[in-house]
Participant: 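Starting off with a structure, shown below.
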Amino acid sequence: MTTPRLLVLRALLDDPGRERYGLDLATEAGLEPGTIYPILVAFEGAGWLSSREEEIDVHAAGRPRRRYYLLTAEGVTAARSALARRRAPQPGPDAGRLAW
C-alpha cells in the first residue's frame, strides 16, 4: 500500500458516509488531481468504493459534472485495516534478536 493510497483512505475515513468528489479528496489528501484519479479507479475496481456522476446542467452550473465516491462497507473495513497495518511497528533486520 503506497503512501498516496493511504492518504486517500485517511481522507475518505474522515467521514465514511459522505460522498466526496476527486478534487475535494485530492486537496484533503495533499495530492495532485492526476495522482488521485487512478487510485480512486483502483479502489472502485477492488469494491472499496462506489461512484456516481452527478446530474446537473453543466451550462447552468458553469463546470463539468463531478463523480462522487463513497466507501463501501468492505472499503471501510479494508481502509481501517490498511491504516492500522501502516501504524503497526514493522519488524526490522534485527527482529527476533535480543538486545543486550
Participant: Which heavy atom of L49 sits nearest a heavy atom of E44, and at what distance?
Facilitator: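 Closest approach of L49 to E44: O-CG, 3.4 Å.
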Participant: How many angstroms lie between CE in M1 and CZ in R86, if you round to the nearest 0.5 Å?
Facilitator: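 Atom-to-atom, M1:CE and R86:CZ are 9.5 Å apart.
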Participant: Please find the pair of heavy atoms, one from R65 and one from E53, that lie closest to each other, and give the distance.
Facilitator: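 Taking every non-hydrogen atom into account, CD-OE1, 3.2 Å.
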Participant: Are more than 12 heavy atoms, taken from residues, nucleotides or ligands other than E32, located less than 6.0 Å from that residue's CD atom?
Facilitator: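 At most 12 heavy atoms, drawn from other residues, nucleotides or ligands, come within 6.0 Å of this atom.
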Participant: Apply salt bridge (charged side-chain N to carboxylate O under 4.0 Å, His left out) to residues R63 and E54 and explain how you reach the verdict.
Facilitator: CA-CA 12 Å; R63 63 171 174 81; E54 73 178 334; 2.4 Å; yes
Participant: Rounded to the nearest 0.5 Å, how far apart are CD1 of I39 and OH of Y37?
Facilitator: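 Reported to 0.5 Å precision, the distance equals 12.0 Å.
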Participant: Same cluster or not: are L9 and V41 linked, directly or through other Ile, Leu, Val, Met, Phe, Trp or Tyr residues, by side-chain heavy atoms under 4.5 angstrom apart?
Facilitator: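 L9 does not cluster with V41.
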Participant: Under 6.0 Å from the ring centre and within 45 degrees of the ring axis: does the NZ or CZ of R20 meet both conditions for the six-membered ring of Y69?
Facilitator: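 Negative - R20 is either too far from the ring of Y69 or too far off its axis.
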Participant: To check you understand the geometry: which heavy-atom pair defines the closest contact between A79 and L13, and what is its length?
Facilitator: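 In this case the closest contact between A79 and L13 is CB-CD1, 3.6 Å.
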Participant: Can you tell me if S81 uses its side chain to pair, donor with acceptor, with the backbone of T77 under 3.5 Å?
Facilitator: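 Here the side-chain-to-backbone pair does not exist.
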Participant: Could you tell me the separation between the CZ atom of R67 and the CG atom of L40, rounded to the nearest 0.5 Å?
Facilitator: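 R67 CZ to L40 CG: 10.5 Å, rounded to 0.5 Å.
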Participant: For A42 and R5, work out which heavy atoms get closest and say how close.
Facilitator: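 What the structure gives for the nearest pair is CB-NH2, 3.7 Å.
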Participant: Show the nearest heavy-atom pair for residues L70 and P16, with the distance to one decimal.
Facilitator: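 Closest approach of L70 to P16, heavy atoms only: CD1-O, 3.4 Å.
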Participant: Tell me if a side-chain donor or acceptor on T72 pairs with a main-chain N or O of G47 at a distance below 3.5 Å.
Facilitator: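 At least one qualifying donor-acceptor pair exists.
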Participant: To the closest 0.5 Å, what do you measure between CD (E28) and CD1 (I36)?
Facilitator: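 With rounding to 0.5 Å, CD (E28) is 9.0 Å from CD1 (I36).
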Participant: Does Y68 belong to the same Ile/Leu/Val/Met/Phe/Trp/Tyr cluster as L23, with side-chain heavy atoms less than 4.5 Å apart forming each link?
Facilitator: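 Yes, one cluster joins them.
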Participant: Minimum heavy-atom separation for P4 and T35, please, with both atom names.
Facilitator: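 So the two residues come closest at CB-CG2, 4.3 Å.
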Participant: Under 30°, 30 to 60°, or over 60°: which ring-plane class applies to W48 and F43, parallel, tilted or perpendicular?
Facilitator: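 Aromatic pair W48/F43 classed parallel.
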Participant: Set out, in order, the CA-CA distance, both residues' side-chain angles and the distance that settles salt bridge (charged side-chain N to carboxylate O under 4.0 Å, His left out) for R52 and E19, then state yes or no.
Facilitator: CA-CA 9 Å; R52 69 171 182 87; E19 290 184 312; 2.8 Å; yes
